[in-house]
Colleague: 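One structure follows; several queries about it will come next.
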Amino acid sequence: MSMTGILLAAVIVGGTGLLIGVFLGISGKAFAVEVDEREEAILGVLPGNNCGGCGYAGCSGLAAAIVKGEAEVGACPVGGAPVAAQIGDIMGQAAGDQARQTAFVKCGGTCEKAQDEYAYYGIQDCTMASMMQDTGPKGCDYGCLGYGSCVKACPFDAIHIVEGIAVVDKEKCKACGKCIAACPKKLIELVPYDQKTFVQCNSNDKGKSLMDVCLVGCIGCKLCERNCEAGAIKVTNFLAHIDAEKCTNCGVCADKCPRKIITPRKIPVS
């Protein structure tokens with residue numbers, strides 16, 4: 001190839017690249033989407049876990065929703081009150097009271113206390129096991145299966161299988177709700193961080209049926225209800241329920257419970 005041909009090719013390639021660069025530069029400015037500075041500031045304050053606990057697709061989704069007025073300034077469960085206060089300052093709004101919450105597993109049926117109907121050798125996953133006969137191998141149809149679907153779902157290492165049931169470490173829990181969504185038995189709920197008294201059962205079976213498969217499940221005897229001076233416990237469908245807003249954490253219900261299923265939260269030893 002002659003020198004003239006080489007120079008001509010170089011000019012053509014260079015000119016084409018220059019035209020494309022100019023076109024992209026003009027297009028970038030013409031079609032640029034303006035981002036609210038508050039959105040950028042909020043994104044810088046959010047913890048960046050992108051856990052989805054707020055109900056939006058990551059922290060950027062929440063930041064955009066807050067600026068648009070579609071989400072509260074305290075919508076981030078991971079950041080809690082400190083982050084809510086900072087976002088409130090950015091938005092010029094009062095964050096309000098941000099009561100910390102934590103997840104709790106409503107089952108005390110450990111390996112020693114709850115019977116199995118059969119041996120399960122399938123995939124070690126609660127959802128898969130719950131599709132088997134009688135909603136899983138556990139004798140209690142309402143009990144924790146213990147295969148750790150919630151453990152896998154937790155992005156904060158706040159829940160573990162201890163003696164065959166899931167137990168939440170409230171110090172690590174950020175109340176993102178991932179474990180709640182992962183549990184096929186609907187055993188996990190959010191409770192106030194400061195609450196100390198819990199019913200570790202979710203069964204609606206009658207007393208005799210429950211006692212045949214679990215040594216500690218609630219039998220709906222109503223002793224807790226009758227002895228609670230604060231009126232914080234009601235028994236419906238053979239199961240005791242505690243109203244956290246009324247509960248004074250006096251512990252009388254735990255003392256009176258013949259099954260010892262009303263008990264302070266247990267923290268797993270790491």
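Because the structure is a prediction, the values reported are computed rather than measured. Because only heavy atoms are used, hydrogens play no part in the values below, and waters and symmetry mates are left out as well, while side chains stay in.
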Colleague: Only pairs under 3.5 Å count here: list side-chain donor-acceptor contacts from residues 121-128, not counting sequence neighbours, and write none if there are none.
Modeller:
residue	atom	partner	partner atom	Å
Q124	NE2	G122	O	3.1
D125	OD1	S149	OG	2.9
D125	OD2	T127	N	3.0
D125	OD2	M128	N	3.1

Colleague: Only counting residues at least two apart or in another chain, list the ones meeting ring-ring contact (aromatic ring centres under 6.0 Å, His included) with Y120.
Modeller: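 Residues passing ring-ring contact (aromatic ring centres under 6.0 Å, His included) with Y120: Y147.
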
Colleague: Hey, could you give me each pair passing side chain to side chain donor-acceptor pair (under 3.5 Å) that has a residue in residues 206-215? Not counting sequence neighbours.
Modeller: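 Matches after skipping sequence neighbours: K208-D212.
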
Colleague: Suppose the criterion is salt bridge (charged side-chain N to carboxylate O under 4.0 Å, His left out): which pairs have a residue in residues 142-158, not counting sequence neighbours?
Modeller: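 Sorted result for residues 142-158: D157-K172.
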
Colleague: Pairs of donor and acceptor atoms involving the side chains of residues 178-186, under 3.5 Å and at least two apart or interchain, shall be tabulated with distances.
Modeller:
residue	atom	partner	partner atom	Å
K178	NZ	C51	O	2.7
K185	NZ	T135	O	2.9
K185	NZ	T135	OG1	3.0
K185	NZ	D141	O	2.7

Colleague: Donor-acceptor pairs under 3.5 angstrom involving side-chain atoms of residues 62-80: please list them, not counting sequence neighbours.
Modeller:
none

Colleague: Answer yes or no: is there a side-chain heavy-atom contact under 4.5 Å between C224 and C257?
Modeller: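 Of all side-chain heavy-atom pairs linking C257 with C224, none is under 4.5 Å.
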
Colleague: Hey, does the side chain of N249 reach the backbone of K196 with a donor-acceptor pair shorter than 3.5 angstrom?
Modeller: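 Answer holds: yes.
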
Colleague: Does NZ or CZ of K170 come closer than 6.0 Å to the centre of the six-membered ring of Y193, within 45° of the ring's axis?
Modeller: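 Yes, K170 sits over the ring of Y193.
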
Colleague: Would a distance-only check, ignoring hydrogens and angles, find a side-chain to backbone donor-acceptor pair under 3.5 Å from K138 to C144?
Modeller: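 Flag set: sc K138 to bb C144 pair under 3.5 Å.
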
Colleague: Taking the side chain from E225 and the backbone from V235, do they hold a donor-acceptor pair closer than 3.5 Å?
Modeller: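 Confirmed, E225 side chain pairs with V235 backbone.
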
Colleague: Closest approach of N202 and Y142, non-hydrogen atoms and distance?
Modeller: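 Looking at all heavy atoms of both residues, the shortest contact is O-CD2, 3.4 Å.
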
Colleague: I want to check something: taking the side chain as every heavy atom from C-beta on, are F104 and Q200 in contact at a cut-off of under 4.5 Å?
Modeller: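 Result yes, sub-4.5 Å side-chain heavy-atom pair found.
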
Colleague: Between N237 and N204, is there a donor-acceptor pair closer than 3.5 Å when you use the side chain of the first and the backbone of the second?
Modeller: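 Side chain of N237 to backbone of N204, a donor-acceptor pair under 3.5 Å: no, none is there.
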
